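The structure appears below as structure tokens.
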Amino acid sequence: QKEVEQDPGPLSVPEGAIVSLNCTYSNSAFQYFMWYRQYSRKGPELLMYTYSSGNKEDGRFTAQVDKSSKYISLFIRDSQPSDSATYLCAITDSWGKLQFGAGTQVVVTP
Amino acid sequence: DVKVTQSSRYLVKRTGEKVFLECVQDMDHENMFWYRQDPGLGLRLIYFSYDVKMKEKGDIPEGYSVSREKKERFSLILESASTNQTSMYLCASSLLSGGSTDTQYFGPGTRLTVL
């Protein structure tokens, strides 16, 4: 069983809708939680990170962590076609190494 | 501006060939990483290096080796390429050692096909 599980999608939504992405993880020692965005033919880039349970907002993006359920989420409000990408959750273990989810492909249609 | 470059975007090699993938970062970062990315599996860490001439195995080091002779350059070597090494290879770098929130900056990737 992978340490970080993520539905690969694809997830198709109309422009303006809310995109909801999530990951589950198995190791309660995981400390920091990140979301990366990867456009086609590009490397991933860090979108958001958080280390505590609760919500963190950055513009149209909200990252949510529930450590008791080992569940993390990313919400994108007012989605735009430019948000079409693959979104990867990543979690650091106690050694600082990143464990990635499989990535969810998101398609926002105009 | 942060920049990680990889020597090739696309590479086609034959089974048994020795393959070198090069990565260069211009940010004076201490740490460098090599991942491979496969559909449904996400990114998996092959090797990483936290200093010149230092290397540590990641989760899937078998069939690979690395070299870091200069701080800015980290090479991934496939001693004898096999078809199951067909993948997207991503290099990354980060500033600090063991930094929990230390951002990793990724290169554009090299899509390697082994025939």
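If you're wondering where the values come from, they're calculated on a predicted model, not measured in any experiment.
Heavy-atom distances place the side chain of Y36(A), and not its backbone, under 4.5 Å from chain B. Using a 4.5 Å cut-off between heavy atoms, P44(A) contacts chain B through both its backbone and its side chain. For chain A, the nearby part of Y10(B) is the side chain; its heavy atoms alone come within less than 4.5 Å. In this structure, chain A has a heavy atom under 4.5 Å from the side chain of Q37(B), while its backbone stays farther away.
Scanning all heavy atoms of the two residues, the minimum distance from G40(B) to A102(A) falls at O-CB, 3.5 Å.
The CD atom of Q104(B) sits 4.5 Å away from the CG atom of L98(A) when rounded to the nearest 0.5 Å. The CG atom of L88(A) lies 6.0 Å from the CG atom of L43(B); values are rounded to the nearest 0.5 Å. Note: F100(A) CZ to L41(B) CG = 13.5 Å, rounded to the nearest 0.5 Å. The distance from the CZ atom of F106(B) to the CD atom of Q38(A) is 8.5 Å, given to the nearest 0.5 Å.
Under a cut-off of 6.0 angstrom, the local environment of CD1 in I77(B) is crowded, with over 12 non-hydrogen atoms contributed by other residues, nucleotides or ligands. Within 6.0 Å of the CZ atom in R77(A), the count of heavy atoms belonging to other residues, nucleotides or ligands exceeds 12.
A single hydrophobic cluster is not seen to contain both Y105(B) and L76(B); linkage of ILVMFWY side chains at heavy-atom distances under 4.5 Å, directly or through other members, places them apart. F48(B) is not connected to L78(B) by any chain of hydrophobic side-chain contacts under 4.5 Å among Ile, Leu, Val, Met, Phe, Trp and Tyr, and they are in different clusters. Hydrophobic clustering (ILVMFWY, side-chain heavy atoms < 4.5 Å, transitive): L21(B) and Y35(B) are in distinct clusters. Taking hydrophobic clusters as Ile, Leu, Val, Met, Phe, Trp and Tyr residues chained together by side-chain heavy-atom distances below 4.5 Å, M34(A) does not share a cluster with F75(A). The hydrophobic cluster containing V24(B) does not contain L90(B), counting ILVMFWY residues as joined when their side-chain heavy atoms lie under 4.5 angstrom apart, directly or transitively.
Side-chain contacts under 4.5 Å among hydrophobic residues (ILVMFWY), followed directly or transitively, place Y39(A) with no other residue at all.
Contacts with chain A (heavy atom to heavy atom, under 4.5 Å) involve these residues of residues 54-68 of chain B, listed by number: D59(B). Of all residues in residues 107-115 of chain B, those placing a non-hydrogen atom less than 4.5 angstrom from a non-hydrogen atom of chain A are G107(B), P108(B).
At distances below 3.5 Å, at least one donor-acceptor pair connects side-chain atoms of R9(B) with backbone N or O atoms of R41(A).
Under the ring pair (Phe, Tyr, Trp, His ring centres under 6.0 Å) criterion, Y47(B) pairs with no residue at all, not counting sequence neighbours.
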